[in-house]
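Structure record follows, encoded as structure tokens.
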Amino acid sequence: QVELVESGGGLVPPGGSLRLSCEASARPFRTYTMGWFRQTPGSEREFVAAIKGSSSSTYYANSVKGRFTMSRDNAKNTVYLQMNSLKPEDTAVYYCAADRHLITSSIGLPNQYDWWGQGTQVTVSS
């Protein structure tokens, strides 16, 4: 059983920044691929970013590339999502996900992740 706890969501004006955190109980944490997804009411869960455990290679959705940065601190069992230049269309519940056996071609597919957090709301509005 892996527990994931997200934090850092909130209300921010357009153009602002937020940093999301996700602390994981997964051990050894460095072996897990971690992902961020988001979802709005009535929509499917959408890939945002992911980071591999072994290489710390990062992957981003085209809609956030250049604005969002995902990182991990294996000593703290935590991943981060730094979100800059936020837009109203970034408004969603953001979920952290983890899996130990993902291949690169599956990294953006939510049904390939075994473990999920409860989500944190991000609202971009003036």
Side-chain angles (χ1 to χ4, degrees):
Q1 184 75 14
V2 173
E3 292 187 6
L4 305 173
V5 180
E6 303 102 332
S7 61
L11 173 65
V12 62
S17 298
L18 278 177
R19 189 177 81 155
L20 305 183
S21 300
C22 172
E23 185 172 359
S25 67
R27 299 292 187 272
F29 179 67
R30 67 182 182 278
T31 65
Y32 283 76
T33 293
M34 303 295 294
W36 285 102
F37 292 78
R38 64 188 182 187
Q39 190 170 23
T40 55
S43 298
E44 294 185 355
R45 202 160 288 192
E46 174 191 26
F47 171 71
V48 175
I51 188 167
K52 284 199 166 182
S54 55
S55 64
S56 290
S57 298
T58 51
Y59 306 84
Y60 298 96
N62 287 336
S63 59
V64 306
K65 205 170 289 185
R67 300 187 298 122
F68 291 11
T69 302
M70 186 172 183
S71 60
R72 67 190 298 153
D73 185 337
N74 289 335
K76 295 183 178 180
N77 301 315
T78 301
V79 293
Y80 305 96
L81 185 68
Q82 178 66 43
M83 306 186 294
N84 298 329
S85 302
L86 282 161
K87 305 174 182 180
E89 51 263 43
D90 295 318
T91 296
V93 177
Y94 282 69
Y95 296 92
C96 178
D99 198 273
R100 203 171 176 185
H101 303 292
L102 280 175
I103 59 176
T104 302
S105 59
S106 298
I107 211 163
L109 302 177
N111 61 0
Q112 298 297 304
Y113 288 77
D114 282 340
W115 311 105
W116 290 86
Q118 294 300 304
T120 185
Q121 176 71 45
V122 171
T123 302
V124 184
S125 175
S126 54

Apart from Y113 itself, members of its ILVMFWY cluster (side-chain separation under 4.5 Å) are F37, F47, Y59, V93, Y95, L102, I107, W116
Closest non-hydrogen contact found for G53 with R72 is CA-NH1, 3.2 Å
Between K65 and Y60, the two heavy atoms sitting closest are CE-O, 3.7 Å
Rounded to the nearest 0.5 angstrom, the NZ-OG distance for K87 and S85 is 8.0 Å
Between Y94 and L20, the two heavy atoms sitting closest are CB-CD1, 3.6 Å
Distance col, row S17:OG vs R67:CZ, nearest 0.5 angstrom, shows 10.5 Å
Is there a continuous path of hydrophobic side-chain contacts, each under 4.5 Å between heavy atoms, that joins L4 to Y80? no
| query | Does a sphere of radius 6.0 Å around CD in Q121 hold more than 12 heavy atoms from other residues, nucleotides or ligands, not counting ones at 6.0 Å or beyond? | reply | yes
So does R100 have more than 12 non-hydrogen atoms from other groups sitting under 6.0 Å from CZ? yes
d(T40 OG1, D90 CG) to nearest 0.5 Å is 11.5 Å
Margin query: Between E6 (side chain only) and C22 (backbone N and O only), is there a donor and an acceptor less than 3.5 Å apart?
Written below: no
Smallest heavy-atom separation, M83 atom then V122 atom, equals CE-CG2, 3.9 Å
D114 meets the side chain to side chain contact (heavy atoms under 4.5 Å, CB included) criterion, sequence neighbours left out, with D99
In terms of heavy-atom contacts, N77 and A26 come closest through OD1-O, 4.5 Å
- Message: Can you confirm whether S125 sits close enough to L11 that some side-chain heavy atom of one is under 4.5 Å from a side-chain heavy atom of the other?
- Response: yes
In short, S126 meets P14 closest at the heavy-atom pair N-CD, 3.7 Å
Query raised in the report: Can any side-chain N or O of R45 pair as donor or acceptor with the backbone N or O of N111 at less than 3.5 Å?
Result: no
Flag, side chain of R38 to backbone of W36, donor-acceptor distance under 3.5 Å = no
Rounded to the nearest 0.5 angstrom, the CZ-CD distance for R19 and Q82 is 7.0 Å
Taken to the nearest 0.5 Å, the spacing of Q1 CD from W115 CH2 works out to 4.5 Å
* Asked: Got more than 12 heavy atoms from elsewhere within 6.0 Å of CD, E89?
  -> yes
The reported gap from CD1 in I103 to NZ in K52 (rounded to nearest 0.5 angstrom) is 8.5 Å
| request: Show the numbers, then the answer: is there a side-chain hydrogen bond (donor to acceptor under 3.5 Å, both in side chains) between S21 and E23? | output: CA-CA 7 Å; S21 300; E23 185 172 359; over 6 Å; no
